[in-house]
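Lettering follows sequence order; numbering is per chain, from 1. Just so it is clear, the values below take in all heavy atoms, side chains as well, and ignore hydrogens, waters and symmetry mates.
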Amino acid sequence: MSFKYESIEELVSYSKEAEGKYLIDIDTKDIIGKTNKGSVGAVIEQSYFGYSANSKAEADFADVGIELKTTGVIRQKRGTIAAKERLVLNIINYMDEVGRDFATSSFWSKNNKLLIFFYTYVRDSNGKPDYSKFQILKTILHEFSEKDLEIIRQDWDLIHNKIKLGLAHELSEGDTQILGACTKGASKKSMREQPFSSIPAKQRAYSLKQGYMTALVKQYIDHEKLIPITNVKELKYKTVEEIIKEKFAQYIGKTELEIIKLLNLKESNAKNNAQLLTSGILGITGTKLDKIEEFSKLNIKFKTVTYEKTGILKESMSFENLNFQDIYLNDWETSELKMKFESTQFLFVIFQKNNENQKVLKGVKLWNVPLTILDNEIREVYVEVKKLLADGIVEWKEGNRYRNNLPKSGFNGVCHIRPKGQNRVKSMIVLPNGQELPNQAFWFNAKFIKELTLDIL
DNA sequence: GCATGATCATGC
DNA sequence: GCATGATCATGC
């Protein structure tokens, strides 16, 4: 008694009827109760559409070429909305995919039309999923815009090339912009053969990266307007990075003030000058860089790097405060921190102070965390923090300052943990073990940032 | 000059 | 009021 539809329209309109419904009300077969794994996809497939669990690997609605997907949406502390994670698509068969082109690729043939069920992912007070509160927020039939497709095509080419070069074992999700190749399998040990190398490669699936999914959520659910800085025509022969670099090129060597005047922006000495200026150069007014379509879809985060006139880089680079709850609950592999760093690209806007102490624009650089740094130094710091969280973090007073035993810049030379907040009292938090500590952030060492950006000076 | 704790400024 | 980017301040 599965759902019968006559047309795509009918399928879409039936899907729409699920909006607002709670998953437990849809789950007539008690799938959540049985598996206790919250297989939202299974509930929609089996209870809402009435398909059996042993369905084939083909597009779910094969006759109309539509693939059914469910994906979690979370409300962040500040009320903004985001995709909980990447959307995982089909597994890449390296042996088979290598002989295809984009049009005949398994990615395109299976996923060119996606029927996506967005649901709210709610956690209980212990941080575990609370399935009784999962609710279908929105259902959409997603087809890729021409522009997204140009970027996806660049991504697909890169993945395809690595397979052709016998480098499937070096694929990483950070390589690409929208279409990723994420690991998939029961364990990390799930390996596959590749056509041009005897080295076994990790099993990977195509994915729509988290930044792209968050951009979709913002557009479809929050109806946020995103402002593009590129167009289809440009993207046919340039990457987003090249386009950004071109926009900055004419301002290199000029001081902050000069650029502000050239762009007719309001003068200020504020700490967010660099941000105002970056928006201005990219043709956006205000500071809302995340409103830029490409920044949102490609998950590009802006960071300024300011060198002293002597060429010293004084300041380390800070990130968000650590989510100790997440660290307590998750191992590195499933941690928020890993997910953030592997899915984010950073746009470094690099300045150097001149003799008058004004900041001169030196250049920009798009960078993502290399796998080796992620799997080694960042993981090491994570594991250490998790260990300290279990043993109890030690804090003591030296003069007017408190000290603690969290990993410092000497820990591995790349990253460290340091307090960040309005002040000690206001930034006090309670750790999962009940201990009180001022908020702590993750930082990249100044020396490490210098290595990454020195070529721009 | 560096390491690291502390806090400012802005925007939501 | 708080999160976050940016920067200051102290001590070695």
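Rounded to an integer number of Å, the gap from K426(A) NZ to dA3(C) P is 12 Å. At whole-Å resolution of the value, CG in L276(A) and C1' in dA6(C) are 14 Å apart. Residue F295(A) contributes atom CZ, which lies 14 Å from atom P of dG5(C) at whole-angstrom precision. In this structure, CD of E256(A) is placed 8 Å from P of dT7(C), rounded to the nearest angstrom. Protein atom CG of L322(A) is 11 Å distant from nucleotide atom P of dT4(C), rounded to whole Å. Between the CG atom of L406(A) and the C1' atom of dG5(B) there is a distance of 12 Å, rounded to whole Å. Atom CG of N423(A) and atom P of dA3(C) are 13 Å apart (whole Å). Rounded to a whole Å, the CE atom of M428(A) is 14 Å from the P atom of dC2(C).
Taken to the nearest 0.5 Å, the CG atom of N299(A) stands 8.0 Å off from the CD atom of Q345(A). One distance of note links CG of L137(A) with CD1 of I221(A); it measures 4.5 Å at 0.5 Å rounding. From L263(A), atom CG reaches atom OH of Y251(A) across 4.0 Å, with rounding to the nearest 0.5 Å.
A salt bridge links K245(A) to E241(A): at least one charged side-chain nitrogen sits closer than 4.0 Å to a carboxylate oxygen.
No more than 12 heavy atoms of other residues, nucleotides or ligands sit less than 6.0 Å from atom NZ of K314(A).
In the region residues 414-421 of chain A, proximity to DNA chain B at under 4.0 angstrom, judged on heavy atoms, holds for R418(A), P419(A), K420(A), G421(A). Residues of residues 360-369 of chain A that place a heavy atom closer than 4.0 Å to DNA chain B do not occur. A heavy atom lying under 4.0 Å from DNA chain B marks the following residues of residues 431-457 of chain A, by number: W443(A), K447(A).
Minimum atom distance to the side chain of Q422(A) is reached by dC2(C), of the listed dG5(B), dC2(C), dA6(C). In this structure, the nucleotide among dC2(B), dA6(C), dT4(C) sitting nearest to the side chain of N321(A) is dT4(C). Side-chain atoms of K359(A) lie closest to dT7(C) of the nucleotides dA6(C), dT7(C), dC2(B).
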Go through the steps for T239(A) and Q154(A) under the test side chain to side chain donor-acceptor pair (under 3.5 Å), then give the verdict.
-> CA-CA 8 Å; T239(A) 62; Q154(A) 292 174 1; 5.6 Å; no
Take K16(A) and E19(A), measure what salt bridge (Lys or Arg N to Asp or Glu O under 4.0 Å) needs, and give me the verdict at the end.
-> CA-CA 6 Å; K16(A) 283 260 166 263; E19(A) 289 180 4; 3.0 Å; yes
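Taking 4.5 Å as the limit, every side-chain heavy atom of V381(A) sits out of range of all side-chain heavy atoms of H416(A).
In terms of the side chain to side chain donor-acceptor pair (under 3.5 Å) criterion, residue partners of K338(A) (sequence neighbours excluded) are, by chain and number, E333(A). Residues that satisfy the side chain to side chain contact (heavy atoms under 4.5 Å, CB included) test with T183(A), not counting sequence neighbours, are K202(A), R204(A). Looking at residues two or more places apart in sequence or on another chain, you find a side chain to side chain contact (heavy atoms under 4.5 Å, CB included) between K386(A) and I327(A), D331(A), Y382(A). In this structure E436(A) satisfies the side chain to side chain contact (heavy atoms under 4.5 Å, CB included) test together with M428(A), V430(A), sequence neighbours excluded. Taking the salt bridge (charged side-chain N to carboxylate O under 4.0 Å, His left out) definition, one finds that E395(A) meets it with R424(A), sequence neighbours left out. Residues meeting the salt bridge (charged side-chain N to carboxylate O under 4.0 Å, His left out) test with D222(A), sequence neighbours left out: R75(A). For K297(A), the side chain to side chain contact (heavy atoms under 4.5 Å, CB included) partners are D148(A), Y212(A), A215(A), Q219(A), E293(A), not counting sequence neighbours.
For K408(A) and dG5(B), the shortest distance from a side-chain N or O to OP1 or OP2 is below 4.0 Å. Look at S316(A) and you won't find any side-chain N or O under 4.0 angstrom from OP1 or OP2 of dA3(B).
Note: Y14(A) and Y48(A) have parallel aromatic rings, judged against thresholds of 30 and 60 degrees for the angle between ring planes.
Between K353(A) and K301(A), it is K301(A) whose nearest contact on DNA chain C lies nearer the 5' terminus.
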Identify each atom pair where a protein N or O and an N or O of nucleotides 9-12 of chain C are less than 3.5 Å apart, giving names and distance.
none

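Contacts of S427(A) with the nucleic acid, taken as non-hydrogen atoms under 4.0 Å apart, are absent.
Stem analysis of DNA chain B (Watson-Crick or G-U pairs, both distances under 3.5 Å, runs of at least three) returns B:1-12 with C:1-12.
Taking both residues in full, the closest heavy atoms of P419(A) and W443(A) are given as O-CZ2, 4.0 Å, listed atom of the first, atom of the second, then distance.
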